[in-house]
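Below: the structure, in structure tokens.
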Number of protein chains: 2
Amino acid sequence: MGHGARRQQIVEAADDLFYRQGFEHTSFADIAKVVSISRGNFYHHFKTKDDILDAVIKTRLDRTQHMLADWEEEGATPKDRIKSYIKILLTNWLMIKSYGCPVGTLCTELAKLNHTSKDEANKVFTLFRRWLKKQFSLLGHSQDADALAMRVLSWSQGVATLSNAFNDYKYVKQEVDKMCDWLDAMSVKATP
Amino acid sequence: MGHGARRQQIVEAADDLFYRQGFEHTSFADIAKVVSISRGNFYHHFKTKDDILDAVIKTRLDRTQHMLADWEEEGATPKDRIKSYIKILLTNWLMIKSYGCPVGTLCTELAKLNHTSKDEANKVFTLFRRWLKKQFSLLGHSQDADALAMRVLSWSQGVATLSNAFNDYKYVKQEVDKMCDWLDAMSVKATP
DNA sequence: GACAATCTAGGGCAGTCGTCCTAATATCTC
DNA sequence: GAGATATTAGGACGACTGCCCTAGATTGTC
């Protein structure tokens with residue numbers, strides 16, 4: 001096994017399990033089973049469980065940054081880019097309906113645990129927030145760009161939570177359409 | 001101690017701790033400390049921890065039903081009543097910013113644990129949903145009353161989640177105002 | 001005051017948790 | 001091939017978990 005490959009393997013398994021089962025409910029034994037190593041072997045790669053969490057958050061931050069950069073490249077207009085974000089609700093529907101939004105649910109859990117890394121986890125939110133703000137600025141809404149970014153974030157968080165509770169795809173689809181319509185109506189105002 | 005008073009005392013302590021720390025992170029020892037009884041004494045009141053959870057959910061359902069009935073009585077118009085719901089975000093701001101929405105966070109946690117009682121917990125959402133739907137029907141939006149109820153639910157859930165992450169009262173206040181404005185604008189359309 | 005029902009404290013149960021140690025194995029470097 | 005380094009398995013640790021038992025205290029009823 002190559003340099004740090006096993007470490008990355010552990011982080012990815014932990015990432016998945018933290019999302020699906022929650023951070024606290026996931027034990028070393030759970031991760032070990034997925035990666036097929038012994039429990040006692042963790043200490044060689046990570047000193048504590050919190051270290052694994054930090055590594056997980058770090059990769060999530062990296063992954064998010066890459067995803068946002070990709071959207072920046074792919075989307076022709078800011079509107080298209082914002083829609084890329086909105087549409088995760090549909091692309092990841094199968095996961096979200098069972099486990100909620102990976103960002104929101106981790107932040108909420110760490111907040112309740114009053115965990116040291118909760119601020120670090122919140123940074124994923126901040127990443128989206130800043131990126132959305134930038135897009136809204138480019139759309140001509142520089143004045144209330146941040147408020148609009150928060151609105152989109154909040155909207156998707158709400159839909160994710162209710163989608164998790166009610167397991168209703170049609171509802172999610174409707175909300176995504178509504179968000180896109182709202183976005184379209186807004187950009188018209190900005191470019192008269 | 002009167003008939004079932006200790007039991008109710010345990011339920012109330014558990015309710016609070018489940019909210020602030022999460023269900024799984026709360027142990028018998030935690031509850032025992034609050035109620036000032038010994039750990040081993042629980043078995044006399046509840047067979048299992050899940051039984052306590054069920055009792056907690058039950059009282060939450062009851063409390064919610066009473067609250068909705070009160071709003072029904074106090075609010076002169078359906079619009080006022082819906083605003084009663086929206087304004088919990090401000091009344092409970094101090095709790096929400098630290099621990100999120102009690103309904104949403106419990107449902108999310110139980111979903112991740114794939115807990116037997118997760119459907120029961122979701123019923124609290126359903127209670128709000130039906131009540132809001134009724135109010136929107138009375139407002140003259142019987143056709144899309146349920147969709148509007150979901151929208152209000154989702155909106156508040158999103159704001160609660162972000163308020164928990166960013167700890168920003170001004171943002172919550174703004175969103176509450178926007179929701180009220182949105183509500184006012186909507187009811188105008190229904191009563192021309 | 002006698003008796004039954006209810007409630008209580010304290011501790012033991014087997015299991016799991018995160019952590020840490022040690023000894024053996026694999027891998028790399030020269 | 002020798003020696004250093006990296007990785008591994010397995011198990012032990014103390015602490016905690018939910019759960020359960022028992023024996024004593026309290027309360028209520030006649």
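Protein chains get the first letters and strands the later ones, always in sequence-line order, with residue 1 at the start of each.
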Within residues 31-69 of chain B or reaching into it, pairs that qualify as ring-ring contact (aromatic ring centres under 6.0 Å, His included) - sequence neighbours excluded: B:Phe28-B:Phe42
Closest contact, heavy atoms only, A:Ile57 versus A:Glu120: CG2-O, 3.7 Å
Candidates A:Glu24, A:His25, A:Lys112 - the one meeting side-chain hydrogen bond (donor to acceptor under 3.5 Å, both in side chains) with B:His25: A:Glu24
Nearest heavy atoms of A:Val56 and A:Val11, plus distance in Å: CG2-O, 3.7 Å
Any A:Trp182 side-chain heavy atom under 4.5 Å of A:Arg151 side chain: yes
d(CD1, B:Ile10; C1', C:dT8) in whole Å: 11 Å
Below 4.0 Å: OP1/OP2 of C:dT16 and any side-chain N or O of A:Ser27: no
Between D:dA15 (P) and B:Asp30 (CG): distance, integer Å: 17 Å
B:Gln9 CD - C:dT8 P separation (whole Å): 9 Å
Stretch residues 44-54 of chain A: residues that reach within less than 4.0 Å of DNA chain D through a heavy atom: A:His44, A:His45
NZ or CZ of A:Arg129 within 45° of B:Phe166 ring axis and under 6.0 Å: yes
Terminal helix-axis angle for the helix from C:dG1-D:dC30 to C:dC30-D:dG1, with five pairs defining each axis and rounding to 10 degrees: 10°
Protein-nucleotide distance (A:Phe28, atom CZ; D:dA9, atom C1'), rounded to Å: 16 Å
More than 12 heavy atoms from other groups under 6.0 Å of NZ on A:Lys49: yes
Atom pairs under 3.5 Å, N or O on each side, protein against nucleotides 21-23 of chain C: can you list them with distances?
from, atom 1, to, atom 2, distance (Å)
C:dC21, N4, A:Gly40, O, 3.3

Closest to the B:Arg39 side chain, choosing from D:dC19, D:dA12, D:dA9: D:dC19
Integer-rounded Å distance: D:dC16 P and B:Ile31 CD1: 17 Å
Centroid separation A:Phe23 to A:His115 less than 6.0 Å: yes
Aromatic plane relationship, A:His141 with A:Phe136 - under 30° parallel, 30 to 60° tilted, over 60° perpendicular: perpendicular
Sequence neighbours excluded - salt bridge (charged side-chain N to carboxylate O under 4.0 Å, His left out) pairs with any residue from residues 95-108 of chain B: none
Interatomic distance where CZ belongs to A:Phe42 and C1' belongs to D:dG10 [whole Å]: 14 Å
B:Arg63 atom CZ, over 12 foreign heavy atoms within 6.0 Å: yes
For DNA chain D, the residues among residues 12-25 of chain B that have a non-hydrogen atom under 4.0 Å from it: none
Side chain proximity check, A:Asn164 to A:Thr161, heavy atoms < 4.5 angstrom: no
Nearest atoms (heavy-atom pairs only) where B:Lys133 meets B:Ala149: N-CB, 3.6 Å
